[in-house]
Each structure stands twice: as C-alpha cells, then as structure tokens.
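Here's the structure we're looking at; comments come further down.
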Amino acid sequence: MSEMYNHHTVEKKWQKVWDDEKPFSASEDYSKPKYYALVEFPYPSGQGLHVGHPRPYTALDIVSRKRRMQGYNVLFPMGWDAFGLPTENYAIKNKIHPAVVTKNNVERFKDQLHSLGYSFDWDREVNTTDPEYYKWTQWIFLKLFKEGLAYKKEMPINWCTSCKVGLANEEVVDGKCERCGSPVVRKVKSEWMLKITEYADKLIDGLNDVDYIERVKTQQKNWIGRSEGAEVDFKIKDLEETLTVYTTRPDTLFGATYMVISPEHPLIDKYKDKINNFDAIVEYREMAARKSDFERTELAKDKTGVVLDGITAINPVNEEEIPIWISDYVLMSYGTGAIMAVPAHDSRDYEFAKKFNLPIIQVVDGPEGAVNLEEEAFTEVSTGNMINSGFLNGLSVEEGKEKIKDFLEEKKIGHRKVNYKLRDWVFSRQRYWGEPIPIIHCEKCGYVPVDESELPLMLPEVESYMPTDNGESPLAAMDSWVNVKCPCCGGDAKRETDTMPQWAGSSWYFLRYIDPKNTEALASKEALKYWLPVDWYNGGMEHTTLHLLYSRFWHKFLYDQGVVPTSEPYQKRTSHGMILGEDGQKMSKSRGNVINPDDIVRDYGADTLRTYEMFIGAFDLAASWSEKGVKGCRRFLERVWKLQDILVDEEGYSKENETLVHKTIKKVSSDFENLKFNTAIAAMMELVNAFYKVKKVTRGEYETLITLLNPVAPHITEELYSILGHDSRVYSLSWPEYDEKKTVDDTIEIALQVNGKTKGTLEIAKDEAKDSVLSKAKEALGAKINGTIVKEIYVPGRIVNIVVKPN
RNA sequence: GCACCAGUGGCGGAAUUGGCAGACGCAACGGACUCAAAAUCCGUCGAGAGCAAUCUCAUGUGGGUUCAAGUCCCACCUGGUGCACCA
C-alpha cells in the first residue's frame, strides 16, 4: 500500500527544490523560441491575497508550464502595482509611512504566492514605487510632454466641503464624502491631461491586428466611440456671436426647435447682462455642480433645465428663431458642450421637449406605423426618408447627411467632424503616494521639464500625507522641495506638486520585466525585440476600458518614438470571471463571505486550491465558491495518488485504455489553450475513473497522466514522479503527444431519429459508408418509420434522421 | 439611462458551435467494509405516467426559421459587470 498523501510535506519539499534549482527563470538565450505570458500584477492591499487572485494566476501558470515542456523560453513574471489610495489612507490613519505599509504588504503577498507554487520568474520582480522603476515612468511622461501630448486644463474635481480635499470617484458615495459624510461638490482645478484622443483612431485600428476576445474588442470600440457628424454654427440673435454644436444627425437640422447648452458653458457668463433670469441660471448651475456626470445620467428620465431669457439662436437652414436652454444632460466634456435639439428624432430631446412643451417637428418619415410621435421619438435611420426639410426632402437619411454636410461647408456655416466618446486622460492627483510629475513651473518660461539626468525625481519625505486645505497635494507644503530655480532661465520657480495616477506605473510594467535591472534604458532594444509582444495577457474585465486602453496608448506612443519595436503590446488578451462567495454575492467583509486562500492551502493544499479554482466553472464567467467542491478536487488528487496501488510495471498503454489516453492528451492539450480548464480537469477525472474500472494502470499511462496534470497540480505530480523512481523532474519532460488515428474508437454509437425525435441508437464501424449506415438504420427503426420516407439525413458519426410523411 | 455579458437537474456546471441535453464534480439515496462512526469502494440519481418494453414533458418567457434549436432570428422578463446622458 502507498503512503498517505500529505500535502504539507509534499508542497514544502517541492517549493524548496524549485527555489534551489530555479527552473522557471527566463533564459537570455535569444535563439530559442520565446513565449511571454502575463497576468495583471496585483495591488498589494492590506487584506492579503484574495481567492480571486489565484484564478488568473493559475490559468497562465498552467499555460507557462505547458509551454516550457513544449520547448519554449518562457517569461512569466510578477510584480507590484503599489502606488495608490488605500495604502495612502492607511498611512494617514495609522501614521505609518506608505512605503513601509507597501513593503509589509508586498512581503505578505509574496509569501502567499510562493505557497501556491507558481512558476513566476522572481528574479524579474518589479515594483512601481521603486525609484529605479518610476524613474522610467517619469521619463515616459517627459517624452509625452515634449511631444505635446501632456497639457494643462481646467477640470472639475470632486471636492469635499468639510475635509477640503479632492476625492476620487470611489470616495464619493451617494454624493457624499466617504470619510465624513459631508456633501461633495465639483470644483474646477487646473490638471495635467494626456491626449489619448490623438491616438483614438490608432487604438481602434490596432484591434484588427490582435487576438483579443470579442467582448474586449467590442467594449474598447464602444468606449472610444468614434462617430462621424458635423459641427454647425448657429447665430445668436442681435449679437455678433455664434454657438457651435456637434451633431451626428445634421440631416435633421430642419427639425431643430431649440438648443441646449451645458450649465458650465462659457456663453452664459459672457452675456450675463443680456440674460434676464440670471439668478435662476446660477441657481440651476449650482445644483448641477453638486452632481457627478454619472448622477446626471441616473436622472435621465426626469429632465431638468432653465431657458435663457433674453438670448435666442437662429436656425441657419430656415432662419427660424429658437430658444436656448441650459440642462445638465448636456455635458461640457463632450463635443462643444452645446447641442441642437431635435425632439422628433432623439429620445433625450424628446423627453425634454415633452416636459417643457417645446415644439416637435418631424423631419424623417418611416414606414407605415413605425412613427408615433405622440409616444416616442423616431430614431431609426435605416428606413427613413427626409420630409419637411426643404432641399433635403425625399432623400434617405444617409443621402440627407451627405447633402447637408456639403451644404454646410459650401455656405461656411459648418463642417464635417469626427468625434469620440473617449476623453483625454486626467493625469493629475492631489495625493502623496504617486510618482511626482517632473515639471517645473516658471512665471517667465511656463512649464519646463526637469532634465532627464535628474530622474528619478524622488518623492520627498513629508510629515503629513493629507492634502492641503486648498486641495493641493501634500507635496505643496514642502517649501524646500517646491521652490527651485528654473532650468531654463535660472529664475525662481516652483515644482509641480500633483502626482501621477496609479494607472501610470501599470501602463508599461510589462516592458520593465523584459530587462528589469537596466540603468541605461527602460529595457534594452535587443531584449525588447526578442520578447515583444506579450503573447498572452490575461486580466479582469473591469480593466478593459481603463488600464488596457491606457497601456495600449502608451505603447503606441513609445512605438512612434522608436522606443519599442511593436505597435501593439499584447498579442492575445483574455479575461477571467470573478469568484463570488458561497451565497453567490461578491465577497466582502461586511457580508462575511470572504474565503482566505491561506486556510484552503493549509487544510487542503495548494494543488487542491489550484485544481478547484480551475474546475469551478467556465473561466470567463463568474463562479460561486463551494467548500464541497474543494473537497471533491482533493478527493480527485487522492485518487490520482492511490493509483500507485494498482500500478503494473508495463511501459506504454494498455489495450483497454489506449484510445482514452490518446483522447485525453488531445482534449487536455487543446482545452488548456482555449481557457477550458474545467473540462480539461473533467477529462483527467474520467481517465482516472477508467483506470479504476479495469483495476490497473500501466507505468506509461500513469506517467502520461502525471505529465498532463503537472501544470495544474505541480507539487503532487513531482512527488509521484519521484516515487516512480525518477531522479529527473516532471517540468523537464516533453509535453505528451497523441496519435490522431488512435483517438477514435473502432465502433461508434450514433443516434437514430424519425422526424427529429430520437428513437434509438445504432452501433457502426468508424468509417462505415453512408449507404450501409442508412440501410442498417432503417432496418433497426422498422415499424417506427410509420409513413412515407420523404428525406434521409446522415451526419457522419453523429446522427441519422428519417423524415417521414404520415400515410 | 447607456454598453457588454449571462439565465440548463436539488447545486456548480458540460454539450466538438445547428445533430442522442445533463459529461465531470457536489449533494442525496441504496449496498459493501466496520463493534460503530468517519474515510474508502460499488451502484442509483431531470420531471411525470406505466409491471414492462416504452411514452410524454423539459435548457428564463412568448413567437419564428429548420429534417433537427440550449445553440440561429424577433420581442420580452430576470440577474451580473462597467460607465463619462456622448447628441
């Protein structure tokens, strides 16, 4: 009888071996084929590793281990995205330096990852808070600045009236400050911005060249939201002034019955003495300032607004005088901050017009019954034809759009314009725990970059990490740090005191892994050329529109600068689903449904946890935790362990199970590539069941199983391989091969149907001819074919369907 | 409100992409082993009818396409994730 399976001793033993032998370090031998597998590096929070983390890590650990067995030089690195708000808040509360907090958290995370047996290349660990790392983050920023892609702009921030600090969106709960519960308002502040919009088209087009799951591509495209429309100038009556709007529906210009401008629109202050109800306007604007853009959305059904009394506009195509309203459903941050409202053909304008009794003029006609302007706007464009629109009458919507655009350009009252939903990236944070922005502001010379030779611009020690009373970063209180000489003119100047957002360090970390200790460049050209692009990048769906897009933007910029050799950073992108609590809810302390991975490792072992997380369900969907499921996986590993008791000392595969072994190799190999880890494990369970069924497993069969299972459960499989008498390691073996011919059984069972209803089954030879199958099928069905045969269908190896018409 | 995704036994989930719905696991039930329990092993296991062979109904709801639909189309309901009312 075999010894008991003790996961404690087995896992400790092999983790020690891997630490000593370092079999998972990427090689610098650039003649070998490479494979770069990447998982999103974690934010080392104070809570330690969550059971959600091992899901993507195990998945790509499996891929990496398999690739090594297939002869690739694999880079599978890990690091820390360690700047950020929670660490800073913890530091403020407990009066500990955020760097100390970070160090402790990183140590804890690292121990936990180690206990799970991942094959990370720890020699290449990076940390975004390390000055040797953020030196290069600052270097990239300076490049962006020098290319005109970083600029300053007045932007509204969330402002807590009581704490007197700027807040992240996350810290605003129900319009109130998360810490003190006071109301949060929008306060305008000058912020650093990055012109990601300049790369909008490149970011869309680049998606054609990469292998991302469709969901990710769709979401990125929708987020960038390219639209082709027109800007149109409306004259303001009796004033030398025009109001420019952006519209995707210039064809409906004849139906514009009023205009709406954003409450923040500059026109309002410019002509405040012409506005008779300025008090009401100001009041409305203050109310709007209390809402975030998102809250404005939530109130979509109940439109609010105030008309500008004293100022009206002229519709340029028909010279009609129309009123101008302000409403918070129009945002200053999209288009021009002003719209022409066409209530007949836009649902938001329709709701607004209904509420305030504004005229609704139909200018597009649809098919019989499709248009009911008593109930709703008619927004369909593919079937409509222009009416009530002067020279556009009779045209289709598409033709109307082109003709009116030509008209606008001819008369110089507008022009074609491409717009994007995507907005420029707000890059300033009024925080301590981030990369200092390496810019000096001089009264005479403006914004002057810090010289590259002075990088890294180190984060100075401060006494308090709290932002200052006027909303500046705590760095602003450090006079000795802030006051410098202008690098340009030598006069008195001040350093920028805002820091970068957490997204900065994570936008390029995969480049640093390639050459993490390089002091001359962010990575050597040679190494970049060999390792890029990342072959497979897996991460959370929640990062699709921010992190993933930001890092593609930076990479494309670096490509244009000649720093990196590929235009796209990641060749393949996949996403994993969340792990929910046993109750099907998101795990959270307040719900009390949090599972600590340490407990599972202690009680069941890392191999069991890894197996379970892969078996839990479809990789890209959310799945609920189940302790019972964990036990089932432990039982499976024990059954694998105890196969020792029915081992027969024969090389090769037994007659009984040869086909199944080949089938299993085939299935596991392809499932591992296609994120179908759950069915790969199910296939291995079936194989183990088959061995017990015949009460024997040959040495050849056992070793194949051990090799297939190794990427999922690396410790137990190494131990079993060594028990089988080998001095070598499973990780040094080649990935098992299968023979396609041997994956098919000699006889196949197919289904017999009459009119699509299954009536029985039939055993046929694997290559039996169609005629023979059909005649056997008809014979077997006999009287169940109760009528005249109309049609006979045979899907090879699957099904026979006899279509019958009753007599 | 907008975008994306999902809905299959008591439960987690399979289904080679239009071809025998329910693989694999969990739970439950019956049996073996045991003084007993746990563990382990062997069996049964969508619902309903029938002694039976079999038959009928079943993939959120309602329609449709097809020889054949969990899978494709239309409308709706419910849940999840993200969000910046995108004109």
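In what follows, every chain begins at residue 1, and chains take the letters A, B, ... in the order their sequences are listed.
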- Task: Can you sort out the partners of A:K195 under salt bridge (Lys or Arg N to Asp or Glu O under 4.0 Å), two or more places apart, ordered by chain and number?
- Result: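 A:K195 satisfies salt bridge (Lys or Arg N to Asp or Glu O under 4.0 Å) with no other residue.
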
May I ask you to say what [X] touches in the nucleic acid, namely base, sugar-phosphate or nothing, with a heavy-atom cut-off under 4.0 Å?
| X | value |
| --- | --- |
| A:K695 | nothing |
| A:S227 | sugar-phosphate |
| A:R639 | sugar-phosphate |
| A:I616 | sugar-phosphate |
| A:S624 | nothing |

Using every non-hydrogen atom in the two residues, find where [X] and [Y] come nearest and quote the distance to one decimal.
| X | Y | result |
| --- | --- | --- |
| A:I204 | A:K221 | CG2-CG, 4.4 Å |
| A:T758 | A:A751 | CG2-CB, 4.4 Å |
| A:L253 | A:I404 | CD2-CD1, 4.2 Å |

- Would A:S227 and A:N419 count as a side-chain hydrogen bond (donor to acceptor under 3.5 Å, both in side chains) if you check the C-alpha gap in whole Å, the side-chain angles of each, and the deciding distance to 0.1 Å? CA-CA 5 Å; A:S227 68; A:N419 242 354; 5.6 Å; no

Thinking salt bridges, do [X] and [Y] make one under a 4.0 Å N-O criterion?
| X | Y | value |
| --- | --- | --- |
| A:E228 | A:K401 | no |
| A:D251 | A:K405 | no |
| A:K778 | A:E792 | yes |
| A:E40 | A:R573 | yes |

To the nearest Å, give me how far apart [atom1] ([X]) and [atom2] ([N]) are.
| X | N | atom1 | atom2 | value |
| --- | --- | --- | --- | --- |
| A:M193 | B:A84 | CE | P | 14 Å |
| A:W625 | B:G13 | CH2 | P | 14 Å |
| A:Y329 | B:C86 | OH | C1' | 13 Å |
| A:L422 | B:C86 | CG | P | 15 Å |
| A:N689 | B:C41 | CG | P | 10 Å |

- Query: Can you tell me how far C1' in B:C51 sits from the matching atom in B:U34, rounded to whole Å?
  - Reply: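 B:C51 and B:U34 have their C1' atoms separated by 38 Å.
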
- Message: Using a 4.0 Å heavy-atom cut-off to protein, can you give one letter per nucleotide of nucleotides 14-21 of chain B, 5' to 3': B if the base is in contact, S if only the sugar-phosphate is, - if neither?
- Response: SSB--BBS

- Would you please enumerate the stems RNA chain B participates in, each stem being three or more consecutive Watson-Crick or G-U wobble pairs with both distances under 3.5 Å?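 Detected stem regions: B:1-7 with B:77-83, B:10-12 with B:24-26, B:28-32 with B:40-44, B:46-49 with B:54-57, B:60-64 with B:72-76.
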
Between [options], which nucleotide gets closest to the side-chain atoms of [X]?
| X | options | result |
| --- | --- | --- |
| A:L331 | B:C24, B:A87, B:C85 | B:C85 |
| A:D328 | B:G13, B:C85, B:C67 | B:C85 |
| A:K421 | B:C4, B:C42, B:C86 | B:C86 |

Short N/O separations, protein against nucleotides 77-81 of chain B, under 3.5 angstrom:
none

- Query: What is the glycosidic conformation of B:U59: syn, defined as within 90° of 0, or anti?
  - Reply: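 This nucleotide is in anti.
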
- Could you classify B:G48 for me, syn or anti, using a glycosidic angle within 90° of 0 as syn?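 Glycosidic conformation of B:G48: anti.
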
- Item | A:Q502 and A:R429 side chains, donor-acceptor separation under 3.5 Å |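 A:Q502 and A:R429 do not have a side-chain donor-acceptor pair below 3.5 Å.
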
- State whether a side-chain donor-acceptor pair under 3.5 Å links A:Y258 with A:D349.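 Not at all, the side chains of A:Y258 and A:D349 share no donor-acceptor pair under 3.5 Å.
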
Every protein N/O lying under 3.5 Å from an N/O of nucleotides 26-31 of chain B:
from: B:C26; atom 1: OP1; to: A:R635; atom 2: NH1; distance (Å): 2.8

- May I ask you to evaluate whether A:K757 reaches the phosphate of B:C57, defined as a side-chain N or O under 4.0 Å from OP1 or OP2?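 For B:C57, OP1 or OP2 has a side-chain N or O of A:K757 closer than 4.0 Å.
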
- Please check if the distance between the ring centroids of A:F352 and A:W325 is under 6.0 Å.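 Yes, the ring of A:F352 comes within the 6.0 Å limit of the ring of A:W325, centre to centre.
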
- Message: With heavy-atom distances below 4.5 Å as the criterion, would you say the side chains of A:L267 and A:L243 are in contact?
- Response: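 A:L267 vs A:L243: side chains touch.
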
- Query: With a 3.5 Å cut-off and just heavy-atom distances, do the side chain of A:R249 and the base of B:A87 make a donor-acceptor pair?
  - Reply: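 Not at all, since no donor on one side and acceptor on the other fall under 3.5 Å apart.
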
- Report the residue (A:M340 or A:T545) whose heavy-atom-nearest nucleotide on RNA chain B is the more 5′ of the two.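 Comparing both residues, the 5'-ward one is A:T545.
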
With a 3.5 Å cut-off and sequence neighbours excluded, list the donor-acceptor pairs that the side chains of residues 613-627 of chain A form with protein atoms.
from: A:E613; atom 1: OE1; to: A:R55; atom 2: N; distance (Å): 3.1
from: A:S626; atom 1: OG; to: A:K628; atom 2: N; distance (Å): 3.3
from: A:S626; atom 1: OG; to: A:G629; atom 2: N; distance (Å): 3.0
from: A:E627; atom 1: OE2; to: A:Y604; atom 2: OH; distance (Å): 2.8

- Message: For A:W641 and A:Y5, take the angle between the two ring planes, folded into 0 to 90°, and tell me which bin it lands in: parallel under 30, tilted 30 to 60, perpendicular over 60.
- Response: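 Geometry flag for A:Y5 against A:W641: tilted rings.
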
